[in-house]
Chemist: 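Got a structure here, written out as structure tokens. Questions coming.
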Amino acid sequence: MYDPGVSPYTPTKTSLDEHALPSWFADAKLGIFVHWGPYSVPAWAPTGVTLPELAKQGFEKAFAGNPYAEWYWNTLAFPDGATRAHHDATWGRDFPYERFAALFRDATSDWSAEPWARLFARAGARYVVLTTKHHDGFLLWPSAHASPRLRDWHSERDLVGDLTRAVRAAGMRMGLYYSGGIDWPFEGRPVRDIAGLMKAIPQGTDYARYADAHWRELIERYAPSVLWNDIGYPKAAEPLRLMADYYARVPDGVVNNRFTTFGYERSEQHSDFTTPEYAVLAEAVPDKWEACRGVGNSFGWNRAETEADLLSVEKLVHLLVDVVSKNGNLLLNVGPTGDGTIPFAQAERLLGLGGWLDVNGEAIFGTRPWRRAATTTSDGQELRFTRKADAVYALLLGEPPRQRVRIPALEARPGTRIELLGRHGALAFTSEADGLELTLPGVGGGSPALALRIVPEPVLRETPAT
């Protein structure tokens, strides 16, 4: 039992902001997000567009045609929507969402956490974040604080504990997601727009005590390395006190920014990192951030998605490289089926990403942003940079069209050695007024990205040669 009274922090933003970002999180670069719950049984949403793209047409349109399958219960409230039509045709108009909970409990009775952990480790992930409670309020652990609104609204198995043990046994850190701001059994109104989303955050003292008890129970039982809250938090629950007590239990833990925001802004209270969703940054930023998104356009499994909706291995590699070059981590989501099967199309991509990292992980893990995040070759090919204390890494997004590559932004220092990760020996190069030009061996192997190790640090031309 931890004693929150021994926390080195007081429940104030000034005190909590003294918490230094732990090196493990800065070094990790890749995490796996898991959205899993009763919504994984119907597992359906409209396809073909991301939620941010849809929101540009208006938030009411976005919520009515929400591509997030984990929002299934809310999207059912739109009587003329595609989700409602699919549900009525598949399950029947009189089939309530609540009945999916029993189907989910039955489906997960034989689930094993170890295959998940092995897959995530092979993908190169350094941490995992599981949805312990999403917006439907269903709990993935047998809490001592059961829902007062819906009977048996929780898993009989300790799915959180099972996955936590398996993830840690596989050498990764475990983080927990909790929907602190949205719990539909408490606030039954459907979310139709941003104003409705804000109103849907329960502010009563009953929910404040309920959410606070859950987070404290999760911290006490599982000591998560990541506290990943979503869509705000009831003011009466005193989130700053929760954070101070959390750091007493897990000194090298991290807290995201969604206790008060939706993911893009720095928290007005306290946070260790921001969490933009289905987005990337134009440039590197000094503060740590984490890009979160699904392999497709949904977090929960969407059986309607096709290959066209999923990122290819090449695009996943490019996304990871881009995010890391700009001081971010990638929290890549998988959506298992109701019985805990990770669909082949998702697993295949995780293994492809892991295969690339087996060769090129040196340029990703433990790195920091360089003086510039991005440039292009003279052929217009995109290139990203990372660095370590003794080297700079230049990562070509895709294979170049020819063996000779010129990087106008760089100039080699005397004694420079350039190597292609995964190959032995130094590369031949010249460094002239028009940039650094080198010869790559074996172009045409189909690698999603090529990583060059440059020692010592090259000169960066502020105005690249043309």
Chemist: With distance as the sole criterion, is a donor-acceptor pair present between the side chains of D136 and Y39 under 3.5 Å?
Modeler: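 There is no such pair (donor and acceptor under 3.5 Å, judged by atom type) between the side chains of D136 and Y39.
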Chemist: If you measure only the distance, is there a donor-acceptor pair under 3.5 Å linking the side chains of Y393 and E362?
Modeler: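 There is such a pair between these side chains.
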Chemist: Which heavy atom in L140 sits nearest to a heavy atom in G37, and how many Å separate them?
Modeler: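 Reported closest heavy-atom pair: CD2-CA, 4.5 Å.
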Chemist: How about Y233 and Y207: are their ring centroids closer than 6.0 Å?
Modeler: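 No; Y207 has its ring centre 6.0 Å or more from that of Y233.
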Chemist: Looking at F385, is R372 sitting on its ring face, NZ or CZ under 6.0 Å from the six-membered ring centre and within 45 degrees of the normal?
Modeler: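 Geometry flag: not set, cation outside 6.0 Å or 45°.
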Chemist: Any non-hydrogen side-chain atom of W111 less than 4.5 Å from a side-chain atom of W116?
Modeler: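 They are in contact (side-chain heavy atoms under 4.5 Å apart), so the answer is yes.
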Chemist: Side chains of N297 and T47: do they bring a donor and an acceptor to under 3.5 Å?
Modeler: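 No.
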Chemist: Side chains of S143 and E217: any donor to acceptor distance under 3.5 Å?
Modeler: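 The criterion, which ignores hydrogens and geometry beyond distance, is satisfied for S143 and E217.
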Chemist: Have D379 and T377 got a donor and an acceptor in their side chains that come within less than 3.5 Å?
Modeler: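 Note: D379 and T377 side chains miss the donor-acceptor criterion.
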Chemist: Ignoring hydrogens and angles, state whether a donor on the side chain of Y178 or D230 is under 3.5 Å from an acceptor on the partner side chain.
Modeler: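 Distance-only check fails for Y178 and D230.
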Chemist: Verify the ring-centre separation between W215 and Y246: is it less than 6.0 angstrom?
Modeler: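 No: the rings miss the under 6.0 Å criterion.
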Chemist: Looking at K133 and D183, is there a salt bridge between them, counting it only when a charged N and a carboxylate O are closer than 4.0 Å?
Modeler: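 So D183 pairs with K133 through a salt bridge.
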Chemist: Can you confirm whether the side chains of R387 and T367 place a donor and an acceptor under 3.5 Å from each other?
Modeler: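 Checked: R387/T367 side chains show no N/O donor-acceptor pair below 3.5 Å.
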Chemist: Can you check whether F78 and F63 have ring centres sitting under 6.0 Å from each other?
Modeler: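 No - the distance between ring centres of F78 and F63 does not fall below the 6.0 Å cut-off.
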Chemist: How about H87 and W73: are their ring centroids closer than 6.0 Å?
Modeler: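 Here the rings of W73 and H87 have centres that are no less than 6.0 Å from each other.
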Chemist: With a 6.0 Å cut-off on ring centres, are W44 and Y72 close enough?
Modeler: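 No, ring centres 6.0 Å or more apart.
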Chemist: Determine whether the aromatic ring centres of W36 and W301 lie less than 6.0 Å apart.
Modeler: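 Between W36 and W301, the centre distance exceeds or equals 6.0 Å.
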Chemist: Answer with yes or no after comparing the ring centroid distance for H135 and W71 against a 6.0 Å cut-off, counting only values under it.
Modeler: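 Distance test on ring centres: under 6.0 Å, yes.
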Chemist: Taking the cut-offs as 6.0 angstrom to the six-membered ring centre and 45 degrees off its axis, would you call R126 and F365 a cation-pi pair?
Modeler: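 The answer is yes; both the distance and angle limits are met.
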Chemist: Knowing that exactly one of D272, T274, N329, V254 qualifies, which makes a side chain to side chain contact (heavy atoms under 4.5 Å, CB included) with K288?
Modeler: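 Single pass found, and it is N329.
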Chemist: Mark yes when over 12 heavy atoms from residues, nucleotides or ligands other than R241 sit less than 6.0 Å from its CZ; otherwise mark no.
Modeler: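 At most 12 heavy atoms, drawn from other residues, nucleotides or ligands, come within 6.0 Å of this atom.
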Chemist: Knowing that exactly one of L395, L353, L397 qualifies, which makes a side chain to side chain contact (heavy atoms under 4.5 Å, CB included) with V317?
Modeler: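 So, applying the side chain to side chain contact (heavy atoms under 4.5 Å, CB included) to V317 and each of L395, L353, L397, only L353 qualifies.
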Chemist: Ring centroids only, cut at 6.0 angstrom: are F138 and H134 within range, meaning strictly under it?
Modeler: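 When the ring centroids of F138 and H134 are compared, they turn out to be at least 6.0 Å apart.
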